Structures are given as C-alpha cells and as structure tokens.
Amino acid sequence: QVQLVESGGGLVQAGGSLRLSCAASGRTFSSFIMGWFRQAPGKEREFVAAIRRSGGSMYYADSVKGRFTISRDNAKNTVYLQMNSLKPEDTAVYYCVARVDYDGSLYYTGRSDFQYWGQGTQVTVSS
C-alpha cells in the first residue's frame, strides 16, 4: 500500500504558474512510477504526466507538453507537477497517482493502470 496526499492547488490567473506536490507514505516510493491525472467538470478523468522510478524519463499528454513539468525527489518521497502558462481549460481536480513498475514502460495512461490515487487538489485558472 501507498498513501498519496496532494497539495499546492488554488486559484491563479491565466498565464500564471502553480506547483503541485504529492507526498507518499507506505511502501518504498522509489519502486513506483508516479504520475498525475486531472478531471475537469463534466469531463472524463485524463492522464497528464508520468515519471520513471529514477526520475530520468517523463511522459506528458499532448495538451500539457511544453507547459507542465513532472519531477520527483525519492529522498523526500515526493512528486511534483510544475504548471506554467496555465489556461482556463487546465481548471480541474488534479490527482496524484502511483503504479507498480512491472515492465519498465512509462506509457500507461489509463485510469486502471494506476493502482493508487490521492484525494485530489483543485486547480482553478481564471481568464
């Protein structure tokens, strides 16, 4: 088991920045691929980004590529999502997720691919 707790959400104007954090506890943090999903009002929950156990490789949804950066600090059991150039369409609840690394692949983007979920943190971008 691993417990995930997000923080850092809030209200920001379009063009601004926010950094989300996710603190993990429980099983060895470095054994998990970590990621972020988001769910906007009335929409399906969607993949945002993922990062390898070592932090050496990242994968992003096309909608955030070039604006968002995922990173992790295995010494602090924390994963981050730096969000720049925010747009109103980035408004959503953002969820920290973790999946057991069975095969080394970073390219799992389905909800069912991630075994552990945080409670979510609200990000609102005003126009």
Side-chain angles (χ1 to χ4, degrees):
Q1 284 283 63
V2 61
Q3 292 76 44
L4 305 172
V5 179
E6 303 95 336
S7 61
L11 174 63
V12 64
Q13 287 190 329
S17 299
L18 277 177
R19 188 175 84 153
L20 305 183
S21 300
C22 172
S25 60
R27 288 177 59 183
T28 306
F29 178 73
S30 60
S31 67
F32 292 96
I33 288 176
M34 300 299 297
W36 293 89
F37 274 66
R38 68 184 182 185
Q39 187 166 18
K43 294 190 175 181
E44 295 288 317
R45 201 169 293 188
E46 64 175 2
F47 170 82
V48 175
I51 187 167
R52 284 198 191 282
R53 292 184 295 159
S54 65
S57 296
M58 293 74 77
Y59 181 60
Y60 298 95
D62 288 343
S63 58
V64 306
K65 201 173 296 182
R67 300 188 298 121
F68 291 11
T69 302
I70 187 171
S71 61
R72 66 191 293 165
D73 185 338
N74 286 344
K76 295 182 178 180
N77 289 359
T78 303
V79 62
Y80 305 96
L81 186 68
Q82 177 66 43
M83 305 184 294
N84 298 330
S85 302
L86 282 162
K87 305 175 182 180
E89 51 263 45
D90 294 318
T91 294
V93 177
Y94 283 72
Y95 297 90
C96 178
V97 295
R99 62 181 297 270
V100 177
D101 186 8
Y102 292 112
D103 60 7
S105 175
L106 196 56
Y107 306 113
Y108 292 93
T109 61
R111 290 180 58 176
S112 60
D113 294 322
F114 291 82
Q115 293 89 7
Y116 302 101
W117 291 73
Q119 297 280 59
T121 185
Q122 177 70 46
V123 172
T124 303
V125 184
S126 63
S127 57

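Computed from a predicted structure; not experimentally measured.
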Tyr95 reachable from Leu18 in the ILVMFWY side-chain graph, under 4.5 Å edges: no

Shortest non-hydrogen separation from Thr91 to Pro41 and the atoms involved: O-CD, 4.2 Å

Linked, directly or transitively: Tyr60 and Leu20 (ILVMFWY side chains, under 4.5 Å): yes

Donor-acceptor pair, side chain of Arg72 and main chain of Phe29, under 3.5 angstrom: yes

Rounded distance (nearest 0.5 Å) linking atom CZ of Phe68 with atom OH of Tyr94: 4.0 Å

Expected output: side-chain Gln115 to main-chain Val100 donor-acceptor under 3.5 Å: yes

Non-hydrogen side-chain atoms of Cys96 and Trp36 separated by less than 4.5 Å: yes

Point-to-point distance, once rounded to the nearest 0.5 Å, from CZ of Arg99 to CG of Asp113: 6.0 Å

Approximate separation, where rounding is to 0.5 Å, of Asp101 CG and Ile33 CD1: 4.0 Å

Within-4.5 Å side-chain heavy-atom neighbours: Arg38 and Ser63: yes

Show me the side-chain donor-acceptor pairs of residues 79-88 shorter than 3.5 Å, one per line, residues at least two apart or across chains.
unit_1: Gln82; atom_1: NE2; unit_2: Asn84; atom_2: OD1; d: 2.9
unit_1: Asn84; atom_1: OD1; unit_2: Ser17; atom_2: OG; d: 2.9

Test side-chain contact (heavy atoms from CB on, under 4.5 Å) applied to Arg52 - qualifying residues, sequence neighbours left out: Ser54, Ser57, Leu106

Partners passing ring pair (Phe, Tyr, Trp, His ring centres under 6.0 Å) against Tyr107 (at least two apart in sequence or in another chain): Tyr59

Set of residues satisfying side-chain contact (heavy atoms from CB on, under 4.5 Å) with respect to Ser30, sequence neighbours excluded: Thr28, Asn74

Point-to-point distance, once rounded to the nearest 0.5 Å, from OH of Tyr108 to CZ of Phe47: 13.0 Å

Atom pair CD1/OG1 of Ile51 and Thr69 - distance to nearest 0.5 Å: 9.5 Å

Side-chain donor or acceptor of Gln119 paired with backbone N/O of Glu6 under 3.5 Å: no

Phe114/Phe37 aromatic ring centres below 6.0 Å: yes

Qualifying residues under side-chain contact (heavy atoms from CB on, under 4.5 Å), relative to Asp62, sequence neighbours excluded: Lys65

Straight-line distance of Gln122 CD to Leu11 CG, nearest 0.5 Å: 9.5 Å

Test side-chain contact (heavy atoms from CB on, under 4.5 Å) applied to Ala98 - qualifying residues, sequence neighbours left out: Val2, Leu4, Phe32, Met34, Tyr116

Atom CD of Glu89: over 12 foreign heavy atoms under 6.0 Å: yes

